[in-house]
K.L.:
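Submitted below is the structure of interest, expressed as structure tokens.
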Amino acid sequence: MLLRALDLVLLAVVAVSAQSVDSRIHQLAGQEIARLVELYEYLHAHPELSYQEEKTAAKLVAELESLGFKTTAKVGGHGFVAVMENGPGPTLLVRTDLDGLPVLEKTGRPYASDVRATDDLGNDVAVMHACGHDVHMSSFMGAARLVTKMKDAWSGRLIMIGQPAEERGTGALRMLEDGLYKKWPRPDFAIALHTDAALEAGKIGYRAEYAMANVDWIDITIRGVGGHGAYPHRTKDPIVIASQVILALQTIVSRELRPIDAGVVTVGSIHAGTKHNVISDEAKLQLTVRSYSDESRKLILDAIKRTTVGIARAAGVPPERDPTITVAEDEFVPATYNDPDLVERLVPVWRSVLGDDHVVERDPEMGGEDFAWFGRETPKTPIFLFRVGTVGRDRMQAAESGGAPLPSLHSPLYWPEPKPTIEAGTKAMTAAILELLGK
Ligand SMILES: [Zn+2]
Ligand SMILES: [Zn+2]
């Protein structure tokens, strides 16, 4: 009898290990999804602004602790680091962001947020997870739960981090400055996912090489010589100069950047003057600039400075009143460069677990993501930010056939379809971890 019982146990062990990793992922994700959707609805209903993510982080840290991760809170603000050591092998960093946005939710979902908070400037604002960071957290926790139950299938060190203040573009750098790559082992790879507001729920999107752009913020003050509106010949009119500058800046991308390189120069704000008949003595412009390579970025920023100063001088503004041009270096977000080898390694894994038609190549975008900082430290860590589709099939089809357009990320109307989105996010992230830390 004893032998027979042992035989049966052995047979069961053989059967479990023979069960493919894919089918274990499906089975475990199926078991966890109700709990993950519940977590999602909780997080969605309780968003916190950038640099205020205290309760959000605490909730995830408590769950990771209960799974056996060794956690450290308050890394670079409300960021956290959770480590699971599971034998010899590489080190993989998996990142979720934590923050919501100052947006008044209008989705009408039963779990919609009615949270209000005080922003940095002291304003009372509504808060919403309008960028899907609640999806990121739920999928992240889903992957944490699955890989904890599949420790026999991987070997190495898994570092799962919650990053604050993604929406400010500064949280990733704060974590690095707080010693993320010094106090903890430097990862061999870093991966993250982001919602996609134009991709069907259940699908994964990828892009090799540049996927998202360098983001720069620039403030320009054009200083003229003010006076009476009826006596322009005694002034240097900064509004006319600003108008010429704005049009001239549009020739940088079209005439100076290589035609096959991408770039954007947007003047998003112009303010000058007080009254009909007064020529102001200054005009203020606010710009955002997008590019991919470091070289393109430098070319565009240099050209903005040269063009702006040149036009002011041409108008006769004395050199001591040259325009001031300030690039906000501490708010710069570098372009996301998805490591081609990493992409090539993970895409087939996702095709296997989700099906060929559920893994699609996406166009590069001019939005920015500060996850890119995790790949900028020397020596460089290969990074890969992939996308998870969030739009229900009915809404997708309606939009494609001329119905209601799909709301973009950050829209008060944006809502992901929780179950298929988080299920795909969890499966894709789990499969990626098991591939990169595979035995
Ligand atoms: Zn966002
Ligand atoms: Zn985001």
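Side-chain atoms are counted along with the backbone in the values below, which use heavy atoms only and exclude waters and symmetry mates. Along the sequence shown, residues are numbered consecutively beginning with 1. Ligands are counted one by one from 1 in listed order, and the atoms in each one are counted from 1 as well.
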K.L.:
When you check the space around the Zn ion (ligand 1), which protein N, O or S atoms turn up under 2.8 Å?
P.N.:
Cys131 SG, Glu167 OE1, Glu167 OE2, His410 NE2
K.L.:
Check whether any side-chain heavy atom of Ile161 lies under 4.5 Å from a side-chain heavy atom of Val94, and answer yes or no.
P.N.:
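Ile161 vs Val94: side chains apart.
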K.L.:
Are Ser20 and Ser23 close enough that a side-chain donor and a side-chain acceptor fall under 3.5 Å?
P.N.:
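Checked: Ser20/Ser23 side chains pair up, N/O donor to acceptor below 3.5 Å.
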K.L.:
Parallel, tilted or perpendicular: which fits the ring planes of Tyr42 and His46, with parallel below 30° and perpendicular above 60°?
P.N.:
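Geometry flag for His46 against Tyr42: parallel rings.
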K.L.:
Does Asp134 have any salt bridge (Lys or Arg N to Asp or Glu O under 4.0 Å) partners at least two apart in sequence or in another chain, and if so, which?
P.N.:
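Listed in chain order: nothing, the list is empty.
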K.L.:
State, without any angle test, whether Asn214 and Ser291 hold a side-chain donor-acceptor pair at a distance under 3.5 Å.
P.N.:
yes
K.L.:
With respect to the Zn ion (ligand 2), what is the nearest N, O or S atom of His194?
P.N.:
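This residue's closest N, O or S atom turns out to be NE2.
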K.L.:
Check whether the ring centres of Tyr210 and Tyr337 lie less than 6.0 Å apart, and answer yes or no.
P.N.:
yes
